[in-house]
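Within every chain, numbering begins at 1; the chains are lettered A, B, ... in the order of the sequence lines, protein sequences first and strands thereafter. Atoms considered below: every heavy atom in the structure, side chains included; atoms not considered: hydrogens, waters and symmetry mates.
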There are 2 protein chains.
Amino acid sequence: MGHVLTIGEFAQMTHLSVRTLRRYHEAGLLEPAHVDPSSGYRYYGAAQIPTAQVIFKLRELDVPLADVRQILITQDPVVRAALVAEHLERLEDRMARTRAAVASLQRLLRPEPAGLAVELRQVPAQLVAGVEDTVAHPDVLGWYAGAMAELDAAVREPAGPAGGLYDNALFSEGRGHVLAHVPITAPVPGVGRVRSTELPGAELAVAVHTGTHDTIDVTYGELGRWVADHTLAVAGPVRETYLVGPRDTPVAARWRTEIGWPVFRVAGAA
Amino acid sequence: MGHVLTIGEFAQMTHLSVRTLRRYHEAGLLEPAHVDPSSGYRYYGAAQIPTAQVIFKLRELDVPLADVRQILITQDPVVRAALVAEHLERLEDRMARTRAAVASLQRLLRPEPAGLAVELRQVPAQLVAGVEDTVAHPDVLGWYAGAMAELDAAVREPAGPAGGLYDNALFSEGRGHVLAHVPITAPVPGVGRVRSTELPGAELAVAVHTGTHDTIDVTYGELGRWVADHTLAVAGPVRETYLVGPRDTPVAARWRTEIGWPVFRVAGAA
DNA sequence: TGTGCACCCTCCCGCGGGGGGAGGGTCAAC
DNA sequence: GTTGACCCTCCCCCCGCGGGAGGGTGCACA
């Protein structure tokens, strides 16, 4: 039962190239129904067309061959669906990052380079209620939301807007130490992950970013440039303070985020 | 003016890796402000941060390095914006294809393989008013819309739903001969690209696809499988007939497209 | 039964954009 | 002056695919 197709015919029906089919065979992704042992000719069955199509679609979604293989050899449709869903999720936030990149790009390429207002400010130590952790870059947003929920529950009367401390390793290595915090006037009892700590005093280069966080890296870039231009160097984790955020207004364009970059004066002046 | 940064410092500020910066230098993408001739050390200026950020963003959008270079060396902001816009457009329809792939994938992975109803039908020759052309795969949709506009203007009383003939080369080579047509009872005068021709009679394997064209390839696959299973081979361009299309209802789920695949009986039976 | 020709095979190399690591020079703080 | 962090170049590997060389097969037609 089922007609036998040569690799060329099969290629034409599936819109895959002959080379690619051979590669898939080699990779154990799509075994031909029959391989002539003397000639080495590959023969495919019509029943393999849907499989080839699934592979094609998954490749179109940039799913690596190894993962495609994993999906194909999974019999249980539930497990299989889960594997696919995982990739779709990944794809989802790749698209989100793409949108963010487009936004930043448009801001970066505006004719006027905008001249960010940067202020050098000496800040004193500050008592805060905080939640600390070590997280991977892509998870930061979700992590912060969870941490803030706990802080909200633990702190009755915050002494100012919430903020975050982000270790540089988070950006350079993609994983780093982070601290979500709310300023307080007196220590609060530790509940869950919440602890009272002190934010050390420091000299900060401070700038304010307005709008979505999608383009915040542009502001970071301008701040970085300012810091370098003033012969300063970075001395510790970045501090963000959410002056106006999603809890204040749903209109992203009105959000205001203060970025504070701890700096110290560098020896060799220009 | 402007602080000088080592490659490591610069890498940290731009979130690019040291290796990548070296590669960009080599590729003439981002020349360091200064290269020590004796040590070969690269030194960057703070003024180069925005440039690095633009590169980073463009790379995030999968713009090839050569094109990034082209964008960077373009002074005129208008021309530059056009270059970027071109890539954004490309990105746009990449995302569209991604969405289509997701849709097909979900249909393909449904537990029940759906058992498409296929009918073998002998169709007689049919007089049509048609517009012919040779087009590339991605342009087919736009081309068809244009052709249909001309046909609508030229044909008062079509004798049935409109259709299309698509050469197999369109799928295998990505470019091929196509014909948009409307059945007629008597020849119409040639206006613009419109000509009266005859669609030759043929034996067709016919199936009906319901819904968006996003998942039509799945139906094609099932039809292809049926054809192979019945020891038939493809004998010419595919025919599509738009029984219910966008001009009938905006609800894509109600569209019905008849697919007719000309076939002939193949010698070696199973 | 040959012969032609389209098809198939394997094997090696190229691409683009990046990472890992070897082996060695340089710079600055102590 | 030593030490250790940084920088250099060079080569190889990754993925998924395509090109081409060089050679074997299958089938239709004479």
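Under a cut-off of 6.0 angstrom, the local environment of CG in B:L141 is sparse, with at most 12 non-hydrogen atoms contributed by other residues, nucleotides or ligands.
Taking side-chain N and O atoms only, A:T20 has no distance below 4.0 Å to OP1 or OP2 of D:dG16. Of the side-chain N and O atoms in A:S17, none sit less than 4.0 angstrom from OP1 or OP2 of D:dC17. Applying the 4.0 Å criterion to OP1 and OP2 of D:dC15, one finds that A:R23 has every side-chain N and O outside that range. Neither OP1 nor OP2 of C:dT26 sits under 4.0 Å from any side-chain N or O of B:S38.
By the side-chain contact (heavy atoms from CB on, under 4.5 Å) test, A:T74 pairs with A:Q70, A:V79, A:R80, A:L83, sequence neighbours left out. With sequence neighbours left out, A:D62 forms a side-chain contact (heavy atoms from CB on, under 4.5 Å) with A:R94. A search for side-chain contact (heavy atoms from CB on, under 4.5 Å) contacts involving B:L21 returns B:I7, B:F10, B:A11, B:L16, B:L30, B:Y44, not counting sequence neighbours.
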Summarise protein proximity over nucleotides 1-12 of chain C in one line of letters, 5' to 3': B for base, S for sugar-phosphate only, - for none, counting protein heavy atoms closer than 4.0 Å. ------BSSBB-

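Atom CG of A:L58 is separated from atom P of D:dG16 by 12 Å (rounded to the nearest Å). One interatomic measurement links the two molecules: CG of B:L16 to C1' of C:dG19, which rounds to 15 Å at whole-angstrom precision. Taking atom OH of residue B:Y24 and atom C1' of nucleotide C:dG18, one finds them 9 Å apart after rounding to whole Å. Straight-line distance from the CZ atom of B:F56 to the C1' atom of C:dG17: 14 Å, rounded to whole Å. Between the NE2 atom of A:H34 and the P atom of D:dT25 there is a distance of 14 Å, rounded to whole Å. Atom pair A:E60:CD and D:dG16:C1' shows a separation of 15 Å (rounding to whole Å applied). Rounded to whole Å, the distance from CD on B:E26 to P on D:dC11 is 12 Å. Residue A:L5 contributes atom CG, which lies 16 Å from atom C1' of D:dG26 at whole-angstrom precision.
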Show, in sequence, the C-alpha distance, side-chain angles and deciding distance for B:E60 and B:K57, and conclude whether the salt bridge (charged side-chain N to carboxylate O under 4.0 Å, His left out) test is met. CA-CA 5 Å; B:E60 225 174 330; B:K57 291 299 160 192; 3.4 Å; yes

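Using a 4.0 Å cut-off on heavy atoms, the residues of residues 61-68 of chain A that approach DNA chain D are A:P64, A:L65, listed by number. Residues of residues 92-106 of chain B that place a heavy atom closer than 4.0 Å to DNA chain C do not occur.
If you take CH2 on A:W226 and CG on A:L120, they are separated by 4.5 Å, rounding to the nearest 0.5 Å. For the atom pair CG of B:D217 and CD of A:Q53, the computed distance is 6.0 Å after rounding to the nearest 0.5 Å.
Without hydrogens or angle criteria, A:S17 side chain to A:T20 main chain gives a donor-acceptor distance under 3.5 Å. At distances below 3.5 Å, at least one donor-acceptor pair connects side-chain atoms of B:S104 with backbone N or O atoms of B:D214.
Using cut-offs of 30° and 60° for the angle between ring planes, the B:Y43 and B:Y41 rings count as tilted.
Looking only at atom types and distance, the side chain of B:T219 has a donor-acceptor partner in the side chain of B:R107 under 3.5 Å away.
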